[in-house]
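Accompanying notes for the structure given below.
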There are 2 protein chains.
Amino acid sequence: MNQPDAIDAFSALAHDTRLAIFRLLVQRGPAGTPAMEVGRLLDLKPSTLSGHLATLKRAGLVTAERQHREILYAPSFDAVNGLVRFLLQDCCGGDKSACAGVVPPDV
Amino acid sequence: MNQPDAIDAFSALAHDTRLAIFRLLVQRGPAGTPAMEVGRLLDLKPSTLSGHLATLKRAGLVTAERQHREILYAPSFDAVNGLVRFLLQDCCGGDKSACAGVVPPDV
DNA sequence: TTCATATTTCGTAATTACGCGAAATAAAGG
DNA sequence: CCTTTATTTCGCGTAATTACGAAATATGAA
């Protein structure tokens, strides 16, 4: 993870509708959810939905796979982990004891 | 954590300079870093720095404490944890086995 | 108080993001 | 091929964000 990619990811999540989409995909699980179903559940116009899904995909936060007529979207947990690791990189000047308990041990 | 607060936090991080400031504070540790030193290290004008620090503080990502003449800024690790928990809430429809290993166990 | 240091507020101009209607494109079934 | 379903692209008007100079404010030292 690098700074520009992290900014793309945070920008993607910094939006009411996109954040709702991502959290919905998280709750639906790694098998993926059809775009149309996302739009139906969140009451989004097709063009608006398409733009937001494209933004999330470009940011690496979701993956897309065509299944017959529909496109299934699934969240990327690796992306979330990468973001957190990037945020907390070299935490506390290497003094792990300073932030033990509040930071995952593998950062 | 709720949706509007999460959006404020992600918006705050979705900016080149603010992300650099936050990561610098993380690396400096919980004792805090004077605003002026942040500005010196990242080469920021006072008004620009002030605005960005205020944004990060409003988003709950950093804390500020006056120490003599300076204001010490420190990162909030709790805020990061809260964001991640919010993002991954009710992951995979409650089927923890679906995302074991990629998601912290306490989400 | 007087001065120097540290930080915030305000105004402005340039840039970018936003939703969504309409039209175009893609894929699969009949 | 033709139709239906699913998704994307384009264009427009609107709204929010940005950096930063200049001035104001706050704090502590002399």
Side-chain angles (χ1 to χ4, degrees), chain A residues 3-25 28 31-76, chain B residues 3-25 28 31-76:
Chain A
Q3 180 108 347
D5 289 348
I7 289 175
D8 284 345
F10 287 129
S11 297
L13 294 172
H15 185 280
D16 196 54
T17 302
R18 283 193 299 265
L19 183 53
I21 292 174
F22 184 79
R23 298 218 311 144
L24 174 65
L25 294 181
R28 286 319 198 80
T33 305
M36 245 197 61
E37 189 169 356
V38 173
R40 184 174 53 79
L41 290 170
L42 299 180
D43 192 30
L44 301 172
K45 311 289 180 189
S47 63
T48 303
L49 172 65
S50 175
H52 287 317
L53 286 173
T55 298
L56 288 167
K57 183 158 177 283
R58 230 180 302 118
L61 288 166
V62 306
T63 60
E65 189 188 355
R66 188 140 216 150
Q67 199 81 339
H68 304 290
R69 285 201 180 172
E70 301 178 320
I71 298 182
L72 300 183
Y73 285 88
S76 168
Chain B
Q3 180 109 347
D5 289 349
I7 289 174
D8 284 344
F10 287 129
S11 296
L13 293 172
H15 185 281
D16 196 55
T17 302
R18 283 193 299 266
L19 183 53
I21 292 175
F22 184 79
R23 298 217 312 144
L24 174 64
L25 293 180
R28 287 317 199 80
T33 305
M36 245 199 61
E37 189 169 356
V38 174
R40 184 175 53 76
L41 289 171
L42 299 180
D43 191 31
L44 301 171
K45 314 287 181 191
S47 63
T48 303
L49 172 64
S50 174
H52 287 318
L53 286 173
T55 298
L56 287 167
K57 183 159 177 283
R58 228 178 305 119
L61 288 166
V62 306
T63 62
E65 190 187 355
R66 188 138 217 152
Q67 199 82 339
H68 304 291
R69 285 198 183 175
E70 302 177 320
I71 298 182
L72 301 183
Y73 285 89
S76 168

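Chain letters run A, B, ... following the sequence lines, proteins first and then strands; every chain starts at 1.
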Q) Which part of the nucleic acid, if any, lies within contact of A/I71, taking any heavy atom under 4.0 Å across all strands shown: a base, the sugar-phosphate backbone alone, or nothing? A)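 A/I71: backbone/sugar contact only, no base atoms under 4.0 Å.
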(Q) Give me the atom names and distance for the closest heavy-atom approach of A/V62 to A/Y73. (A)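 Residues A/V62 and A/Y73, closest heavy atoms: CG2-CD2, 3.9 Å.
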Q.
Give me the atom names and distance for the closest heavy-atom approach of B/A12 to B/A59.
A. CB-CB, 3.9 Å
Q: Identify the 5'-most and 3'-most nucleotides of DNA chain C with at least one atom closer than 4.0 Å to a non-hydrogen atom of chain A.
A: C/dC18 to C/dG29
Q.
If you apply the rule side chain to side chain contact (heavy atoms under 4.5 Å, CB included), what do you find for A/E37 with A/R28, and how did you get there?
A. CA-CA 11 Å; A/E37 189 169 356; A/R28 286 319 198 80; 2.8 Å; yes
Q. Between CG of B/L13 and CG of B/L61, what distance do you get to the nearest 0.5 Å?
A.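 Between atom CG of B/L13 and atom CG of B/L61 there are 5.0 Å.
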Check the distance between [N]'s [atom2] and [X]'s [atom1] and give it to me in whole angstrom.
{"X": "B/R69", "N": "D/dT25", "atom1": "CZ", "atom2": "P", "value": "19 Å"}
{"X": "A/L53", "N": "D/dT7", "atom1": "CG", "atom2": "P", "value": "9 Å"}
{"X": "B/D43", "N": "D/dC20", "atom1": "CG", "atom2": "C1'", "value": "13 Å"}

Q. Just by modelled atom types, is the B/T17 backbone N or O under 3.5 Å from a matching donor or acceptor in the B/H15 side chain?
A.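 Yes; judged by distance alone, with no hydrogens or angles, the pair exists.
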Q) Are the side chain of A/T55 and the backbone of A/G51 linked by a donor-acceptor contact shorter than 3.5 Å? A) yes
Q: Tell me which of A/R18 and B/S50 sits closer to the 5' end of DNA chain C, going by the nucleotide each one is nearest to.
A: B/S50
Q: Please figure out whether A/G51 or B/H52 has its closest DNA chain D nucleotide nearer the 5' end.
A: A/G51
Q. Looking at the side chain of B/S47, which of D/dG21, D/dT7, D/dA26 is the nearest nucleotide?
A. D/dG21
